[in-house]
Amino acid sequence: MATPAAAAHAAHEHHEPQSFWRKYVFSLDHKVIGIQYTVTALAVGAIGLVLSWLMRLQLGFPGAVGAVNPTNYYQFMTYHGLIMVVYLQTAILLGGFGNYLIPLMIGARDMAYPTLNMLSYWTYLLSVILLLAGYFVPGGPSGGSWVLYPPQSITAGTPGSGLGITLLLASIAVFVVSATMGGLNYITTVLQMRTRGMTLMRMPLTVWGVFISAVVALLSFPPLFVAGVMLLFDHLLGTSFFIPTVNVLGTVLPHEGGSPLLFQHLFWFFGHPEVYVVILPAMGIISDVMATHARKPIFGYKAMIVSMAAIGVISFIVWAHHMFASGMNPFFGYIFAATTLVVAIPSAMKTYNWLLTLWKGSIRFTTPMLFTIGFVSTFVIGGLTGLFLGNVAVDLPLHDTYFVVGHFHLVMGVSAILAMFAGIYHWFPKVTGRMMNETLGKIHFFVTFLGAYLVFFPMFLMGFQGIPRRYFSFDLVAFAPSGLDAVNAMVTVAALAVGAAQLVFVANIVWSAVRGREADANPWQANTLEWQTPQIRPGHGNWGPKLPEVYRWPYDYSVPGAARDFIPQNEPEVAVVSPAAGPEPEGAGR
Amino acid sequence: MTEHQQAAVAGGRRSAWREIVADFSRDVRTYPFGWSKAMMWIFILSDLFVFGGFLAAYAGARMAATQPWPDRGHVFSLTIGGAEVPLLLIAIMTFILISSSGTVALSVAASHERNRSKTAALLGLTLVLGACFLGMQAYEWTHLIHEGFLPSSNPAGASQFGATFFMITGFHGTHVVIGLIFLARVLLRVLRGYYDRIGTWEQVEVAGLYWHFVDLVWVFIFAFIYLI
Amino acid sequence: MHGHADHVDHSEHQAHLPVGVYLRVWFMLFILSAVSYFVDYFQVEPLPLRWVLIVLLALIKAALIMNYFMHLGSERLSLVYTILLPPVLILALAAIVIAEGSYISMIRALFGG
Amino acid sequence: MMTMTTVITGIAFVAVHLVLAYFVFRYSGRQKAEHVEDNPRLERTLLLITSLLIAIMLVPGLFAYSQVIAKPSDRLVVEVLGEQWRWNYRFPGEDGIFGRTDVRLITSDNVFGIDPADPTGADDIVIVGGPLYLPVNQPVLLQFRSKDVLHNFWVPEFRVKIDAVPGTVTESWFTPTREGTYQAACAEYCGVAHYVMTSEIHVVDAAEFEQWLAALPTVAQAQE
């Protein structure tokens, strides 16, 4: 076979002696890159978590931490948002899970273009460094909030409106480049490098989730890049894309005729699909973990894929629901309210299918399974509250109140993080060859899950009272109800507890990686290919001399008449061929 | 045309659908070529969104601008023998870029025949044409800046004109530079017989795809920024 | 199940257009560029017609480049649709942004912004 | 609208969680999972029910929205100017026409940047920082401007929320039906003192409003 893919395979099989640097630092191996992504993202995420504590302390116990003032409060707010959405969640779910799992799950030796993959990680690291560098420049980091609305983000009334915002925009542009390099690899690998027998309709839903998410990312990040470049030009070159004639704090700025709404359209054309970039891989992970730990095929496999694809497509035409109160053309309200509520339908379908997967299953209460069940709960409440915000007339009173904070934290913050934890507990044995501690894991789950409800549920009630978000203090807010201080204090305590639970998680990871119980080759008795590698911790090239061949879909759990309650994808014939041996490749896609 | 497509034409819409389903339900590969070509096509799609975003933003900024939009025919005119010819330089630049696209297409055709000297010669010609294009763009920029057009302001109306012009043509010019580097690398490899050694000349086609895309974008820049 | 050897062959066989086709397309592109240039040069009236003509000519040129130079016409339909369908989304962005721009300019005209 | 959405989503929330809890406890620790065939008919039914509920929420919502954006005919027009970090108000005065403004003309004495060359601006009445008085049971149309960054005029009781966008004018309207004192806050992040950008609003009877307005100096009077 004289194809480039075959040539690439041959190149991978050719083992060269590798130095330490080549093997663990500038590695081309997708598994090492995936771990690099995960560790970096978790480290940045820890910073984001600490920032949220500082904000919560100010809100719950005003003045208790004397060092928090409005300036650094808004800087914390900006960095918390950006870190959590972009540098933690996008990076870990696409870069971490995507890199580690895609080649293993589809039976490839590596990504299509390993060098590009390595560059993707190092570019990501550069974007993180640029982001954090904001704290070491005069004027400090930007306090422009994560949406960076001009003119506010680049004018004098906002902290860090000098070098801080420049670094932030540069960091975002570099991140887009990194995500593009990664996304190209994921998509190409999934489309062109599957093993024999691995049709698209036999791929695990995790791969489907990451694949669709990568497509969405590849098409939605460009407008962010465009908006970032234009904002940078406005800031550095004095162009007037987004800035009309304004008088900021007594100074008339040399801009004329720009439109702040243009930025918002470009930003949210990225911003809304970004939510699904994060949640689609999470949905995939949840589906796989749930099927494995409930010992049951995922219910409605095709419906799951169709709804993920539908969510991916519709997510591109709903963006202006973030702008119902922005003063845009009022007619848009009708269009975007309608498209937004339509997106609820595929999301609801997924929820039904998860419930029906649990139905009549044999549920094992392992830690990954607990996180999975927690995900379904937070996803449901997050999604249902989205119905308030998508419907334009209902949104207006709730817009920019704590209702919104509660909604997006539950649906894309907590849910995606719970899925991330489910994934880490589930695949940790694959990565390290050791199991994670179950007791610590359960403590971690219950504190995180119940704590998240205690933190974010009261926010819905605060939102109904009209309490605006992004407030440093509520001292001057006359319409704040008398109990607000008590509620805020309670929320802060719960948030600190949730934060402390993450220390348990870190301790668990470190301890288990060194001392944990040694894992079997297939500890969860799963069907997917990554558990069928010749070594427990797959070596370079993953599969030894011969690639696996796939004979069935990944959800042959509890097949009637089979000897075991699972049949791995690469197992050719079993004694009793079940009637439900997965969709035939030829029938797929109809 | 492949047999598959002849069948598709004969069978009409139903078999077109069947062809798509067949591709997407196959194992190993969805598209019948190597991953580098697939990756380039997907990159082109993503880059299309970057340029689409730029052009959409340009439209939005231009419509909302409070000052009148300058007359491009006048701004980009060259004076030949005392007469002002509007957009002459741009017309020549368009001519050159289209020609370079043609030479790359011929070069890719030659690469299918594995004709090393012909492929290399045509690639070299493309490089020369691309460099000419860049040189003329550099001339155009200096000319404009000399006349007082800057990203932040211009003497002939809305400042968004200069801003969008320099941003979009600059971004396109960056693509041309990258394309030249890419083509030069492929040219070297053709000359060294690298593609004969690895057994596939697909890289020439991949580089060609990228270069055509740069040309494709120019078609829209020419229409939207200079003409409309 | 298809073996994959038969697909590999397509990549070597496809896209063999005769050189004459490239030259004809090349020539067409020049003509179309010249036509759009003269549409602008002679300031064809009314204005909307001029714009429609210019956009139409640009689209025809783009179609020629994609179909013949990039060989999209002789690729599998799965690739053709993968490349041609998603840009609808960026057109949606453009449409909304343009509508927004005209709304803002209307408001500015109304209130002297 | 709000109530209906709350009821439907509330029921859905409770129902899903009851089912989830039941399944989790009922089907845990069993030896073997039962074999369940995919059931496209069940999926279609669920799809239909969901779509129906969504439509029930969406359609009245769109009708309500059409009332939000339709402007009342008999209205009192007030211009609101957001700046970092206070709200300023302007009434058109006796001629009912606002004088032309320009951001470049803004000074500490002329917060709206009213053009002195425009005669219609002389009788305008400007209130810097508030408070604002409004007559009860009279539809009020607010026209928002901003001189610097985005702001958002938010009075929870009035259910009014729209950004003040620099370089353009946005509008919203409401009818205050209860006399009393209210507060406007800023609901769009506008810089470091975002949280102090509040303003008092008094809804009073028509006579008291007229008296209050008449006592305020016009632009021309203030300059003397």
Side-chain angles (χ1 to χ4, degrees), chain B residues 1-2 4-5 8 16 19-20 23-24 26-34 37 41 44-45 48-49 52-53 55-57 59-66 73 86-87 91 94-95 98-99 101-102 104-106 108-109 112 202 205 208-209 212-213 215-216 219-220 222-224 226-228, chain C residues 1-2 4 7-17 19 22-23 25-26 29-30 33-34 36-37 39-41 43 50-51 54-55 57-58 61-62 65-66 68-71 74-79 81-83 86-87 89-91 93-98 100-102 104-105 108 113:
Chain B
M1 208 183 260
T2 64
H4 285 273
Q5 277 153 340
E19 180 194 323
I20 294 170
D23 276 4
F24 281 108
R26 187 180 302 131
D27 63 345
V28 185
R29 312 174 178 198
T30 302
Y31 306 124
F33 39 72
K37 187 171 158 188
W41 268 116
I44 285 173
L45 184 60
L48 203 66
F49 272 58
L55 287 174
R62 180 169 166 183
M63 298 206 70
T66 45
L87 293 172
T94 306
F95 178 84
I98 288 177
S99 300
S101 211
V104 152
L106 290 174
V108 172
H112 284 300
E202 204 172 61
E205 195 183 345
L209 280 178
H212 292 310
F213 171 69
D215 186 26
L216 186 76
V219 167
F220 289 103
F222 178 63
F224 290 123
Y226 293 99
L227 296 182
I228 287 190
Chain C
M1 197 174 299
H2 307 273
H4 35 218
H7 304 302
V8 174
D9 291 338
H10 295 311
S11 63
E12 303 296 333
H13 285 177
Q14 62 154 3
H16 270 201
L17 300 176
V19 171
Y22 292 115
L23 295 177
V25 172
W26 200 343
L29 287 172
F30 288 139
S33 300
S36 58
Y37 175 78
V39 165
D40 184 67
Y41 187 87
Q43 299 283 300
R50 191 194 314 164
W51 288 355
I54 290 172
V55 173
L57 288 164
K61 279 159 71 182
I65 293 174
M66 290 195 101
Y68 294 104
F69 284 1
M70 298 170 99
H71 301 136
S74 34
E75 296 286 2
R76 303 279 290 173
L77 285 174
S78 49
L79 182 71
Y81 284 109
T82 310
I83 300 303
L89 299 171
I90 201 81
L91 288 181
L93 175 68
I96 294 286
V97 163
I98 288 170
E100 186 74 271
S102 65
I104 289 174
S105 67
R108 281 176 176 175

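Quick note on labels: first sequence line is chain A, next is B, and so on, each numbered from 1.
Counting all heavy atoms, side chain and backbone alike, B:Ala105 lies closest to C:Phe69 at CB-CD1, 3.7 Å. In plain terms, the two heavy atoms of C:Ser36 and B:Leu227 that are nearest each other are O-CD1, 3.8 Å. Shortest non-hydrogen contact noted between B:Glu205 and C:Glu75 is OE2-OE2, 4.4 Å. The nearest pair of heavy atoms linking B:Met63 to C:Ser105 is O-CB, 3.2 Å. Contact record, C:Met70 with B:Ile44: CE-CD1, 3.9 Å, taken as the closest heavy-atom pair. Minimum heavy-atom separation, B:Asp215 to C:Ile65: OD2-CD1, 3.4 Å.
Residues forming a side chain to side chain donor-acceptor pair (under 3.5 Å) with B:Ser99 (at least two apart in sequence, or on another chain): none. For the salt bridge (charged side-chain N to carboxylate O under 4.0 Å, His left out) test, no residue two or more places apart in sequence or in another chain qualifies with B:Arg62.
Neither the backbone nor the side chain of C:Tyr68 comes within less than 4.5 Å of any heavy atom of chain B. For B:Leu45, the part sitting under 4.5 Å from any heavy atom of chain C is the side chain, from C-beta outward, and nothing else. Residue C:Leu29 touches chain B through both its backbone and its side chain, counting heavy-atom pairs closer than 4.5 Å. In this structure, chain C has a heavy atom under 4.5 Å from the side chain of B:Ala91, while its backbone stays farther away. Heavy atoms of B:Phe222 lying under 4.5 Å from chain C belong exclusively to its side chain.
Put simply, of C:Leu23, C:Val97, C:Ile54, the one with the most heavy-atom pairs under 4.5 Å next to chain B is C:Ile54. Of all the listed residues (B:Ala65, B:Ala61, B:Ser101), the one sharing the greatest number of non-hydrogen pairs under 4.5 Å with chain C is B:Ser101. Ranked by heavy-atom pairs under 4.5 Å with chain B, the first of C:Asp40, C:Val55, C:Leu79 is C:Leu79. Comparing C:Ser78, C:Ala94, C:Ser102, C:Pro87 by how many heavy-atom pairs each has under 4.5 Å with chain B, the most go to C:Ser78. The candidate with the highest count of non-hydrogen atom pairs below 4.5 Å against chain B, out of C:Thr82, C:Val39, C:Val25, C:Leu57, is C:Thr82.
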Worksheet entry | side chain to side chain donor-acceptor pair (under 3.5 Å) between C:Tyr37 and B:Thr94, worked out | CA-CA 10 Å; C:Tyr37 175 78; B:Thr94 306; over 6 Å; no

Practice prompt. Decide yes or no on side chain to side chain contact (heavy atoms under 4.5 Å, CB included) for C:Ile90 and B:Leu48, but give the supporting numbers first.
Written response: CA-CA 9 Å; C:Ile90 201 81; B:Leu48 203 66; over 6 Å; no

Worksheet item: Going through the checks in order, is the side chain to side chain contact (heavy atoms under 4.5 Å, CB included) test met by C:Ser33 and B:Phe95?
Response: CA-CA 8 Å; C:Ser33 300; B:Phe95 178 84; over 6 Å; no

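Counting heavy atoms from C-beta outward, C:Leu93 and B:Phe49 have side chains that stay 4.5 Å or more apart. Looking at B:Val108 and C:His71, their side chains come closer than 4.5 Å, going by heavy atoms from C-beta outward.
A donor-acceptor contact shorter than 3.5 Å links the side chain of C:Arg108 to the backbone of B:Ala64. Using modelled atom types, no side-chain atom of C:Glu100 and backbone atom of B:Gly60 make a donor-acceptor pair closer than 3.5 Å.
Applying the 6.0 Å contact sphere to OH of C:Tyr41 captures no more than 12 heavy atoms from other residues, nucleotides or ligands.
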